[in-house]
Amino acid sequence: MKDLLVTTTLASAVGSGLMSGLFFTFSNFVMKALVKLPPTQGAVAMQNVNVTIINPWFMLMFLGTALTSLITIVLAIRDWGTSAAALAFSGGVLYLVGCIAITMSCNVPLNDRLAARTDSDAPALTEEWRNYVQRWLPWNHVRTISTLAASITFVLAIRTLS
């Protein structure tokens, strides 16, 4: 059972770290670059990003890490009473809430709303883009911090398990 917990925790640490890097990239420079474009061009570029990011590699990291985090939580509960179990459990919760729940409840609805604007010359798209950036970016910062914290917590759990 300990080997399985180490394996799922390691997979969750790697996946969380990769997701944190992705979110950090958007927070640190991708969105800053898109905001420097004329608003309609920034919006259209982000619409394209939101379409192309849905690919097997992204989904494997995003949902695969959710699965390994969920398994890690279950295994940690079964091994409750140790600091490693508490750390593994915490890492799983950080990932599931800070990445999956925030993405699905905050970022995806904003992406869908932006995608619904199909006229790239419309003033409405400019206004939608401004609202999008103001609301989407802070939630992306939350995802960045949450997934980084999850990754660190998973690593600490592995260290405690070893």
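The basis for the numbers below is simple: all heavy atoms, side chains too, and nothing from hydrogens, waters or symmetry mates.
The hydrophobic cluster containing I152 also includes L87, L148, L156, under a criterion of side-chain heavy atoms closer than 4.5 Å among ILVMFWY residues, counted directly or through chains of members. When hydrophobic side chains of Ile, Leu, Val, Met, Phe, Trp and Tyr are connected at separations under 4.5 Å, W139 ends up clustered with I102, V142.
Legend: residues meeting salt bridge (Lys or Arg N to Asp or Glu O under 4.0 Å) with R113, ordered by chain and number and at least two apart, are E128. In terms of the side-chain contact (heavy atoms from CB on, under 4.5 Å) criterion, residue partners of L96 (sequence neighbours excluded) are, by chain and number, A66, S69, L70, I73, I100. For T103, the side-chain hydrogen bond (donor to acceptor under 3.5 Å, both in side chains) partners are R143, not counting sequence neighbours. For V97, the side-chain contact (heavy atoms from CB on, under 4.5 Å) test picks out V93, with sequence neighbours left out. With sequence neighbours excluded, the residues satisfying side-chain contact (heavy atoms from CB on, under 4.5 Å) with S83 are T160. T153 meets the side-chain hydrogen bond (donor to acceptor under 3.5 Å, both in side chains) test with no other residue; sequence neighbours excluded. Take T7 and apply the side-chain contact (heavy atoms from CB on, under 4.5 Å) test, not counting sequence neighbours, and it matches no residue.
A157 and A84 make their closest contact through CB-O, 3.7 Å (heavy atoms, listed as atom of the first residue, atom of the second, distance). Across S151 and A13, no two heavy atoms sit closer than the pair OG-O, 3.0 Å. Nearest heavy atom pair, residue S105 against residue P109, reads O-CG, 3.5 Å. Closest of all the heavy-atom pairs between F58 and N55 is N-OD1, 2.9 Å. Between G91 and A150 the shortest heavy-atom distance is O-CB, 3.5 Å.
Of the inter-residue distances, the one linking L5 atom CG with L161 atom CG reads 5.0 Å to the nearest 0.5 angstrom. Rounded to the nearest 0.5 angstrom, T72 OG1 and L10 CG are separated by 9.5 Å. Atom CD of Q41 and atom CH2 of W129 lie 11.5 Å apart (nearest 0.5 Å). Atom CZ of residue F29 and atom CG of residue L34 lie 11.0 Å apart, to the nearest 0.5 angstrom. To the nearest 0.5 Å, atoms OG1 (T8) and CG (D3) are separated by 11.0 Å. Between the OG1 atom of T65 and the CZ atom of F154 there is a distance of 8.5 Å, given to the nearest 0.5 Å.
Within the structure, ring pair (Phe, Tyr, Trp, His ring centres under 6.0 Å) pairs that include any residue of residues 87-116 comprise W80-F89 (at least two apart or interchain).
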Next on the checklist: Under the criterion side chain to side chain contact (heavy atoms under 4.5 Å, CB included), I'd like the reasoning laid out for M46 against L114: C-alpha separation, chi angles, the key distance, then a yes or no.
Outcome noted: CA-CA 9 Å; M46 191 65 185; L114 184 65; 4.0 Å; yes

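Cluster membership for V155 and V6, using ILVMFWY side-chain heavy atoms within less than 4.5 angstrom, is not shared. Under the 4.5 Å side-chain heavy-atom criterion for grouping Ile, Leu, Val, Met, Phe, Trp and Tyr, V49 is connected to M61 within one hydrophobic cluster. Hydrophobic cluster membership differs between V51 and F26, with clusters built from Ile, Leu, Val, Met, Phe, Trp and Tyr side chains linked at under 4.5 angstrom. Two different hydrophobic clusters hold L63 and L94 under the rule that ILVMFWY side chains link at heavy-atom gaps under 4.5 Å.
With contacts defined as side-chain heavy-atom distances shorter than 4.5 Å, the pair Q47/L125 qualifies.
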Name every donor-acceptor pair, under 3.5 Å, that has one atom in a side chain of residues 16-25 and the other anywhere in the protein, sequence neighbours excluded.
from : atom 1 : to   : atom 2 : distance (Å)
S16  : OG     : S12  : O      : 2.8
S20  : OG     : T144 : O      : 3.4
T25  : OG1    : G21  : O      : 2.8

